There are 2 protein chains.
Amino acid sequence: MNIEKPWGEGDVGKYIGINLRQFRANKGISIDVLAKQIGVSKLTLLNIERGEANPTLSVIWKIANGLKIPITALLSIESDVSISRKKDGMKLISSNDVFIAEPLFRSHGLIELYRGYLQPRGEYLSEAHQPGVMEFVTVMSGQLTVEVDGEAHHLDDYDSIRFKGDRPHKYTNPSSSLTMLHFVISYNNL
Amino acid sequence: MNIEKPWGEGDVGKYIGINLRQFRANKGISIDVLAKQIGVSKLTLLNIERGEANPTLSVIWKIANGLKIPITALLSIESDVSISRKKDGMKLISSNDVFIAEPLFRSHGLIELYRGYLQPRGEYLSEAHQPGVMEFVTVMSGQLTVEVDGEAHHLDDYDSIRFKGDRPHKYTNPSSSLTMLHFVISYNNL
DNA sequence: ACAAAAAGTAAAATTTAATATACCAATTCA
DNA sequence: TGAATTGGTATATTAAATTTTACTTTTTGT
């Protein structure tokens, strides 16, 4: 479960500009209007939109807040459609017979999805991830017990659990049939 | 599928500080070392960590890049464990008999998870979301056809699809049994 | 206890983001 | 056509982020 460098230094300003322009156009308001609305000078907005600026966090916040979008939406890059099918033999993260996790899509740094298989009576201990990581686990079929912070939580089909992943946690399949899981690892959770 | 204001203006600097300190402590390096490593002055880092700063995007980037984490990880807030069970009657987003989506967890602004039910032969047309939104749909059971950008993609059990959600897209259940879905809406995808 | 490293403080200098104002060109629209 | 809006340019000013240097306090480790 890796994190890759999203962009180079020169691109940071470029993408926030592209995104801002997109969001603003989407709302159909002019630079001047937005400027007055959020209390940032017109020129500042203009420079940011053209990627020729190095805005301050407070300015970034004012923009995001004024447009009613999360800050991170301003810093994102897009791509398009892709599909991950069950059979697709992708690289396995942990293939110790008992627990198998396969990445669903090429990681884009901020969010990662995995499909997981936990064998009957199987048990898997996960080390703590980086601080700031949030983990979402959903049972697609079977049963699962998640132990985190010393507490065990039992999940059935279609149940989901969310917990901070920056501490050790244990997955157990208490049943006698295979458990299919769905993981979302988020490196950003406001 | 809403977006809520994550924090107030005064808090922006506070959280980036808390997170930075956490990440740095986690890597076990001192302020001075990190400062030289990423080319930012010690005092600047110190002020940021104490939440008494309004850092520039380039500084934020240098930090994130130096720590090998996505920028957004620096701007995130944490909470703890919570579970969403199938029966939990939560507020429904769209309850027109055919398609039902229920939020799995209280939205934290950056990422949203939903459990979805699509009736046999059911069809649901979703309006375009904000630009910058990425959508991940996983079939937990049943079948699904997703139409986006004029192309139809068929999914079976445990298949997943990812696409830009800033355009209209249609979900169809071509089978004669209920389809259970899992949605991840991400407002940040590097 | 001692030395070393790390965190924190203080003040002045430098760099630069942000503002303000006025002006220009292209576009929209009545 | 002509007024108004919008994106963009130019310049000078202000406010503030960042750096540098040096010094103090706290923590860590042998």
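Chain identifiers are assigned alphabetically (A, B, ...) following the order of the sequence lines, protein sequences preceding nucleic acid strands; residue numbering begins at 1 within each chain. This is a predicted model, so every value here is computed, not measured.
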> Are any side-chain N or O atoms of Ser186(A) and backbone N or O atoms of Ile111(A), one a donor and one an acceptor, separated by less than 3.5 Å?
Replying inline: no
Please list, pair by pair, any protein nitrogen or oxygen found under 3.5 Å from a nitrogen or oxygen in nucleotides 18-22 of chain D.
unit_1  : atom_1 : unit_2   : atom_2 : d
dT18(D) : OP1    : Thr56(B) : N      : 2.7
dT18(D) : OP1    : Thr56(B) : OG1    : 2.7
dT19(D) : OP2    : Ser41(B) : N      : 2.7
dT19(D) : OP2    : Ser41(B) : OG     : 3.0
dT19(D) : OP2    : Thr44(B) : OG1    : 2.9

> Arg24(B) CZ to dG8(C) C1': how many Å, rounded?
Replying inline: 12 Å
> Could you state the interatomic distance from OH (Tyr158(B)) to CG (Leu104(A)), rounded to the nearest 0.5 Å?
Replying inline: 13.5 Å
>> With rounding to the nearest 0.5 angstrom, report the NE2 to OH distance, His169(B) to Tyr124(B).
In response: 8.0 Å
>> Whether Arg21(B) contacts dA6(C) is assessed here as follows: a side-chain N or O lying under 4.0 Å from the phosphate OP1 or OP2. Is that the case?
In response: no
> Can you check the Glu52(A) CD to dA18(C) C1' distance for me, whole Å?
Replying inline: 16 Å
> dT25(D) P sits how many Å from Leu46(B) CG, rounded?
Replying inline: 16 Å
>> Any base atoms under 4.0 Å from Ile31(A), or only sugar-phosphate, or nothing? Heavy atoms, all strands.
In response: sugar-phosphate
> How long is the line joining CH2 of Trp61(B) and P of dA17(D), in whole Å?
Replying inline: 22 Å
> Any sub-3.5 Å donor-acceptor pair from Arg121(A)'s side-chain atoms to Pro174(A)'s backbone N or O?
Replying inline: yes
Would you tabulate the pairs of protein nitrogen or oxygen atoms and nucleotide nitrogen or oxygen atoms of nucleotides 27-30 of chain C closer than 3.5 angstrom?
none

>> Restricting to side-chain contact (heavy atoms from CB on, under 4.5 Å), what partner residues turn up for Ser30(A), sequence neighbours left out?
In response: Asp32(A), Val33(A)
> Between dA22(C) atom P and Asp32(A) atom CG, what is the distance in whole Å?
Replying inline: 15 Å
>> Tell me whether the rings of Phe183(A) and Tyr171(A) are parallel (<30°), tilted (30 to 60°) or perpendicular (>60°).
In response: perpendicular
> Under the criterion side-chain contact (heavy atoms from CB on, under 4.5 Å), which of Val148(B), Thr145(B), Leu144(B) is the partner of His153(B)?
Replying inline: Val148(B)
> For Ile29(A) and dG7(D), what is the distance between atoms CD1 and C1' respectively, to the nearest whole Å?
Replying inline: 15 Å
> How many Å lie between NZ on Lys36(A) and P on dA20(C), as a whole number?
Replying inline: 11 Å
> Say you draw a straight line from CG of Leu34(A) to NZ of Lys42(A); how long is it, rounded to the nearest 0.5 Å?
Replying inline: 13.0 Å
>> Quick check on the hydrophobic clustering: are Tyr117(A) and Leu125(A) connected, directly or via other members, by side-chain heavy-atom contacts under 4.5 Å?
In response: no
